[in-house]
Each structure stands twice: as structure tokens, then as C-alpha cells.
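In this chain, residues are counted from 1 in sequence order. Quantities reported herein were computed from a predicted structural model and do not represent experimental measurements. For ligands, and for the atoms within them, numbers begin at 1 and follow the listed sequence. Quick note: numbers below take in every heavy atom, side chains included, and nothing from hydrogens, waters or symmetry partners.
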Amino acid sequence: MANETKKYNAFDNTIRVLDDAAKKLGLKDEEYATLRYPERELIVSVPVKMDNGELKVFEGYRVQHNSARGPYKGGLRYHPDTDLNEVKALAAMMSFKCAVANIPFGGAKGGINVDPSKVSRDELIRITRRYTMRVLPIIGPDQDIPAPDVNTNGEVMGWIMDTYSMFKGHAVPGVVTGKPLEIGGSIGRPEATGRGVTIIVYQSMKDYGMDPEKSTFAIQGMGNVGGTAAGILYNDGRKIVAVGDWSGAVYNENGLDIPAIRKYLSDRRNCLAKYDSADVKHLTNAELLTVKCDVLIPAAMENQLTADNAGQVQAKLVVEAANGPTTIEADKIFAERGLPVVPDILANIGGVVVSYFEWVQNIQSMAWDLDQVNETLKKIMLRAYADVKNMSVDKKVTMREAAYMVAINRICTAGKLRGGPISMG
Ligand code: NAD
């Protein structure tokens with residue numbers, strides 16, 4: 001039941017922010033009503049023979065939220081708490097992210113209710129292949145393009161591409177992004193979300209008059225996004241005082257040895273609660289979020305900053321690397337406290353932007369080099385930041401409201417130019 005409540009909030013949060021932003025744009029209900037509902041929600045059963053010979057049935061989802069601006073695009077997550085409500089929220093956020101980035105995609109998301117740490121690699125392959133067969137009619141390079149999310153990676157994308165291609169009778173690399181390089185992935189894609197987060201961290205610090213050299217950073221989540229962002233900030237000489245994962249957090253007021261921590265965590269059996277080093281103090285996950293620092297980067301899961309802890313957050317700037325880490329109640333508290341929050345649908349678009357580059361490279365059968373990827377990523381991230389910042393200044397709204405307003409404007413304009421749902425009769 002606790003989980004149900006949590007998940008309900010994830011979608012509810014998104015819709016409440018959407019309604020608020022639409023009102024501030026002066027839109028009538030019917031002008032954005034379609035955005036309150038996904039265009040398609042698919043629940044699939046995923047029957048799999050386990051290694052011990054037993055049959056187990058997992059539940060999977062693919063939600064396609066909006067396609068006014070192009071094919072659906074969004075990640076696939078494997079998590080024991082994943083449910084339809086969470087996937088709906090994440091699908092809607094993908095529509096808004098692609099619109100903020102101004103790339104020609106709509107939004108979707110997928111998930112399987114599975115704990116990948118409790119299944120073998122062979123079982124995971126079979127789960128992935130069966131799920132792919134179930135969603136096959138609604139995915140494809142022109143239809144809906146999955147990518148990695150929590151607990152999925154390039155290898156999983158390779159299995160999806162292979163299953164899809166087997167059914168089509170020829171290789172279809174463009175059906176997924178975030179693939180390994182050797183089968184049509186893009187250089188720079190695995191690091192893209194984390195790299196994009198750091199671009200936004202620096203730009204927003206500049207905006208709020210903060211000096212990165214004199215600032216301290218705390219990061220919740222040391223996976224693909226948080227780990228990459230930590231690595232880049234560390235290499236730039238920044239002082240990261242706290243990082244956390246699912247098990248707990250570590251702290252050093254003089255700055256953590258991020259390469260040593262990342263090396264330790266590269267063995268998936270390791271976790272931070274067991275990180276044994278004389279130069280760190282252990283914190284709980286709750287303590288990490290309220291630790292003394294200048295920039296807090298939640299990069300793990302949704303609903304982490306809530307009405308319960310928002311008042312104690314000591315950071316001067318929050319940059320949301322994770323999807324939905326701040327509840328609407330926490331957001332209000334931050335606004336009252338004058339604590340700026342750079343929203344997820346702006347800060348973590350780096351992954352989908354480079355996924356777009358990967359898709360373009362697949363369609364054109366050519367490969368970009370790393371400089372082209374990173375420079376184009378930076379250009380798009382900074383343009384998106386400027387669009388949101390300008391909206392925020394023009395309309396006197398928070399960066400989150402502004403990001404939603406930019407996105408809603410673009411999606412509704414696209415819908416209108418295509419004739420709009422009302423013209424379908
Ligand atoms: P990941 O699985 O690689 O890493 C997740 C990290 O969060 C791990 O360090 C894990 O230990 C930690 N974590 C999990 N549960 C936690 C908890 N309850 N408390 C504290 N830490 C916890 O996932 P990722 O790809 O880095 O994604 C992280 C977030 O960023 C998610 O919200 C995801 O939706 C979002 N995101 C990811 C991408 C991408 O390209 N991977 C793109 C956009 C947004």
C-alpha cells in the first residue's frame with residue numbers, strides 16, 4: 001500500500017505541475033487536455049522459464065504518452081517497485097523533455113516489475129526477449145524507440161535490437177538507442193545524461209552567482225547518471241563532499257576520492273554502506289539529502305525530496321538529475337525558501353539528446369566522433385537552458401514551471417499544426 005501511494009503521487013505530481021503550467025500559459029482545458037492522458041498504455045505478461053525449470057510470469061508495461069512532435073521515445077526500467085502509474089508519469093515526462101530539448105520526438109516509457117539482482121543473466125535475457133516480443137507491434141524506429149533507464153543498459157538494448165531484428169528479418173539498429181558502439185550505438189551515449197547534468201550545473205551556478213571552485217557538491221545515486229556526473233565534476237577539480245547509493249552514503253568535508261569510490265562500485269556486489277575507507281564518514285540516505293553542501297544533485301529515484309525533509313536541505317541549489325526526485329509539496333517549500341531547483345525535464349535531457357543523435361546516425365548509416373557528439377550536446381543543452389530561463393524571467397515563474405510551459409507550448413503548437421484532436425471529430 002505504501003508503494004501504491006508513492007506511485008500514485010509520481011503521476012499525480014506530473015499532472016498537477018502540467019495543469020499549473022497550462023493555466024499560467026492561459027490555455028483553455030481543451031487546448032491541452034490530451035496531455036493529461038497517455039495516448040496508449042500497454043500491460044503485458046512476461047512468462048519466463050527460470051533456470052530451475054519453474055515458470056514465472058512478470059508484468060511489463062509500455063506507455064506512449066504523446067506523439068504530436070514525432071515518434072515516441074523513452075527508456076525501459078527494471079525494478080521491483082515499477083508499476084503502471086510510475087511508467088505513465090515517466091512517459092509524460094519524456095514528452096516534456098523531448099519538447100524542452102526541441103528534438104523531434106514524443107514521449108514513452110517502459111518497465112518490467114522485476115528485481116534484476118534476483119535473477120540470473122540468462123533469465124534476464126529471456127525476460128527481455130519475451131517482453132520485446134510482447135511490445136513488438138508498437139515499437140520500431142519510426143514508432144517508439146526504447147533506451148536504457150534504471151537497471152537496464154547497452155547490453156539489454158542489444159538483446160532488444162536482436163529480438164526485434166529477428167522478427168523483421170534484417171538488422172534494425174534504430175529500434176533502440178543506448179546500444180553498444182559495435183552494433184550501432186553512439187559514442188558518448190553512456191555518459192550523456194551525466195555529462196548533460198554537469199553542463200546544466202555549471203550554467204545554473206553561473207546564473208545564481210555561485211563559484212564552482214569554492215562550492216561543494218552532494219550527489220544521491222552513483223549509477224550511470226550520478227556516477228558519471230561525479231566523475232566529470234571530480235575531474236574538473238570540484239569538491240564532492242557526499243555521495244550515496246541504495247545502501248547509504250559516504251561523506252568527507254574535504255572532498256571524496258570519487259575515482260576510488262567508482263572503482264569500488266564497478267563491482268556490482270559492492271555498495272557504499274560497506275565502503276571501508278578511513279577518509280569517509282558514513283551517512284544514511286536521509287542524512288545525505290540534508291548534508292551541508294552548496295549544490296545537491298539527486299540522481300537516484302523519484303520522491304526523495306519531500307515535505308518531510310525540504311525544510312532541512314542545506315544546499316543553495318538543487319539540480320535534478322533523477323526523474324521526479326522532488327514532490328510538489330517539497331517544491332513549494334523550496335520556492336518559499338528561495339532555493340532554486342533546476343528541474344529534471346531540463347537537467348537530465350542529455351541522454352535523450354544523444355539518443356536522438358544515435359537514431360540520426362542509424363538512419364543515415366554513419367557515425368559521428370566524440371567531439372561532434374559532445375559539442376552538439378552542449379549546444380542543445382545550453383539552448384534549452386536559455387529557453388527555460390527566458391520563460392522563467394518573462395513569466396516570473398520557477399524554472400520547473402517555465403520548463404513545463406516551454407514544453408506545453410511546443411507540444412500544443414505541434415498538435416494544432418497537425419489539425420488537433422478536435423478536428424478528428
Ligand atoms: P542506475 O540504476 O544506473 O543508478 C541508480 C543509482 O541510484 C544507484 O547508485 C542506486 O544504488 C541508487 N539508488 C537506488 N535506489 C535508491 C534509494 N532508494 N536511495 C538512494 N539511492 C538509490 O540508474 P541511472 O540510469 O543512473 O538513473 C538514475 C535516475 O536518473 C533515474 O531517476 C532515471 O530515471 C534518471 N535518468 C536516467 C537517464 C539515463 O540515461 N540513464 C536519463 C534520464 C534520467
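In this structure, Tyr32 and Asp19 have side chains that are in contact, with non-hydrogen atoms separated by less than 4.5 Å. At least one side-chain heavy atom of Leu305 sits less than 4.5 Å from a side-chain heavy atom of Phe334.
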**Report entry** side chain to side chain donor-acceptor pair (under 3.5 Å) between Asp20 and Tyr404, worked out
**Finding:** CA-CA 9 Å; Asp20 205 37; Tyr404 274 79; over 6 Å; no
Report task. Let me see the working for Glu59 and Tyr131 under side chain to side chain contact (heavy atoms under 4.5 Å, CB included), right down to the final yes or no. Result -> CA-CA 9 Å; Glu59 191 162 273; Tyr131 170 82; over 6 Å; no
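A salt bridge links Glu302 to Arg77: one of the charged nitrogens lies within less than 4.0 Å of a carboxylate oxygen. A salt bridge links Asp51 with Arg126: at least one charged nitrogen is closer than 4.0 Å to a carboxylate oxygen.
Relative to atom 28 (C) of ligand 1, the option among Pro298, Ala322, Ala300 with the closest non-hydrogen atom is Ala300. With atom 4 (O) of ligand 1 as the reference point, the heavy atom nearest to it among Gly351, Gly223, Gly248, Gly74 is part of Gly223. Nearest to atom 40 (O) of ligand 1 by heavy-atom distance, out of Val354, Ile349, Thr193, Asn348, is Thr193. When the heavy atoms of Asn151, Asp149, Val197 are ranked by distance to atom 2 (O) of ligand 1, first place goes to Asn151.
With a 4.0 Å cut-off on non-hydrogen atoms, Arg189 touches ligand 1 through its side chain and not its backbone. Here Val225 has heavy atoms under 4.0 Å from ligand 1 in both its backbone and its side chain. At a heavy-atom distance under 4.0 Å, only backbone atoms of Ala321 (N, CA, C or O) approach ligand 1.
Using a non-hydrogen distance threshold of 4.0 Å, Ala299 registers as a contact of ligand 1. Within the structure, the closest approach of Met94 to ligand 1 does not fall below 4.0 Å when heavy atoms are considered. Residue contact annotation: Glu302 has no non-hydrogen atom under 4.0 Å from ligand 1.
Against a heavy-atom cut-off of under 4.0 Å, Gly221 is close to the following atoms of ligand 1: 6 (C), 7 (O), 9 (O). Numbered from 1 in the order shown, with element, the atoms of ligand 1 that lie under 4.0 Å from a heavy atom of Asn285 read 19 (N), 20 (C).
Where the criterion is an N or O separation shorter than 3.5 Å, residue side chain and backbone included, Gly244 fails it with respect to ligand 1. Close N/O approach between Gln304 and ligand 1 is not found [any backbone or side-chain N/O within under 3.5 Å].
Counting protein heavy atoms only, atom 12 (C) of ligand 1 is closest to Trp246 N, 3.7 Å. Annotation: atom 15 (N) of ligand 1 to nearest protein heavy atom, Met301 CG, 3.4 Å. Nearest non-hydrogen protein atom to atom 9 (O) of ligand 1 is Met222 N, 2.9 Å. The single protein non-hydrogen atom nearest to atom 35 (C) of ligand 1 is Asn323 ND2, 3.7 Å, given as residue, atom name and distance. Summary of contacts: the protein heavy atom closest to atom 20 (C) of ligand 1 is Asp245 O, 3.4 Å. Looking only at protein heavy atoms, the nearest one to atom 25 (O) of ligand 1 is Asn224 CB, 3.7 Å.
A perpendicular orientation is assigned to the rings of His65 and Phe96, their planes being inclined by more than 60° (bins at 30° and 60°).
In this structure, Asn348 contributes its side chain and Ala321 its backbone to a donor-acceptor pair below 3.5 Å. With Thr198 contributing its side chain and Leu233 its backbone, the two residues share no donor-acceptor pair below 3.5 Å. The backbone N or O of Gln372 lies less than 3.5 Å from no partner atom in the side chain of Glu375, so there is not a single donor-acceptor pair.
For the residue pair Leu272 and Asp245, the shortest heavy atom distance occurs at N-OD2, 3.0 Å.
When ring centroids are compared, Tyr356 and Phe105 come within the 6.0 Å threshold.
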